[in-house]
Amino acid sequence: MSNEALGMLVTFGFIGLVCGLISMNIASNKDRSVGGFFAVGFLFGPLGVLATVLVGRGEPKAPQGTRAMTCPRCNARQNVAKDQADYECWQCKLVSPAPAANRAR
């Protein structure tokens with residue numbers, strides 16, 4: 001491998017690393033997958049950073065000891081304690097049972 005080819009490989013690797021780190025930081029602020037967007041930024045460079053900027057916000061994670069539930073009537077999102085069997089929607093006041101699959105954790 002010639003010195004010129006090695007220099008280009010190092011340059012592209014450095015640019016990919018920087019773009020991956022930028023994408024990772026943006027994705028973290030948007031509640032998105034940090035590792036996935038690092039890969040997008042690393043592989044696609046500046047276009048990956050642009051894609052990360054253009055993607056919409058994700059859903060924030062529920063605080064520890066709770067889980068995120070969505071009301072079946074009005075689609076309002078709220079945090080419910082993990083051991084709670086049912087919950088009342090803060091928006092429409094509908095009382096709904098919490099799914100059993102999430103309660104086992």
Side-chain angles (χ1 to χ4, degrees):
M1 185 182 268
S2 69
N3 286 339
E4 185 177 318
L6 184 62
M8 286 178 55
L9 187 63
V10 169
T11 301
F12 286 132
F14 180 75
I15 290 171
L17 183 66
V18 169
C19 289
L21 291 173
I22 291 171
S23 292
M24 191 171 74
N25 188 21
I26 294 169
S28 174
N29 291 335
K30 290 185 170 193
D31 295 317
R32 290 289 185 164
S33 169
V34 175
F37 279 98
F38 173 80
V40 168
F42 184 80
L43 295 174
F44 298 108
L47 291 177
V49 174
L50 179 64
T52 307
V53 168
L54 294 177
V55 74
R57 294 190 65 80
E59 294 291 332
K61 293 180 181 172
Q64 190 172 6
T66 64
R67 57 196 161 139
M69 304 296 294
T70 303
C71 176
R73 180 190 293 167
C74 67
N75 289 330
R77 193 172 150 92
Q78 60 193 10
N79 297 322
V80 178
K82 284 187 177 182
D83 58 351
Q84 195 170 342
D86 55 357
Y87 65 97
E88 180 181 8
C89 177
W90 63 271
Q91 187 168 327
C92 69
K93 307 300 182 202
L94 175 71
V95 176
S96 300
N102 290 339
R103 215 176 303 134
R105 294 182 190 165

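Residue indices begin at 1 and follow the sequence shown. Hydrogens, waters and symmetry mates play no part in the numbers below; they use all other heavy atoms, side chains included.
Looking at Arg67, its side chain never comes within 3.5 Å of a backbone N or O of Asp83 through a donor-acceptor pair. Judged by distance alone, the side chain of Gln78 and the main-chain N or O of Trp90 form a donor-acceptor pair under 3.5 Å. With hydrogens and angles disregarded, a donor-acceptor distance shorter than 3.5 Å links the side chain of Thr11 to the backbone of Gly7.
Minimum heavy-atom separation, Arg73 to Leu94: NH2-CD1, 3.3 Å. Here the closest heavy-atom approach between residue Lys82 and residue Thr66 is recorded as CE-O, 3.6 Å. In this structure, Ala68 and Arg77 approach most closely via the heavy-atom pair CB-NH2, 3.3 Å. Between Asp86 and Val95 the shortest heavy-atom distance is OD2-CG1, 3.8 Å. Closest non-hydrogen pair, Cys89 versus Cys92, comes out as SG-N, 3.5 Å.
Partners of Ser2 according to the side-chain contact (heavy atoms from CB on, under 4.5 Å) rule, which considers only residues two or more places apart in sequence or in another chain, are Glu4, Ala5.
Enclosure of atom CZ in Phe44 is not indicated, since only 12 or fewer non-hydrogen atoms of other residues, nucleotides or ligands lie within 6.0 angstrom. Other residues, nucleotides and ligands contribute over 12 non-hydrogen atoms within 6.0 Å of the CG atom of Asn29.
The pair Arg57-Asp31 counts as a salt bridge, with a side-chain nitrogen and a carboxylate oxygen less than 4.0 angstrom apart.
Within the 4.5 Å cutoff, the side chain of Ser23 has no heavy atoms near those of the Phe38 side chain.
Rounding to the nearest 0.5 Å gives a distance of 8.0 Å between NZ of Lys30 and OG1 of Thr52.
Side-chain contacts under 4.5 Å among hydrophobic residues (ILVMFWY), followed directly or transitively, place Phe37 together with Val55.
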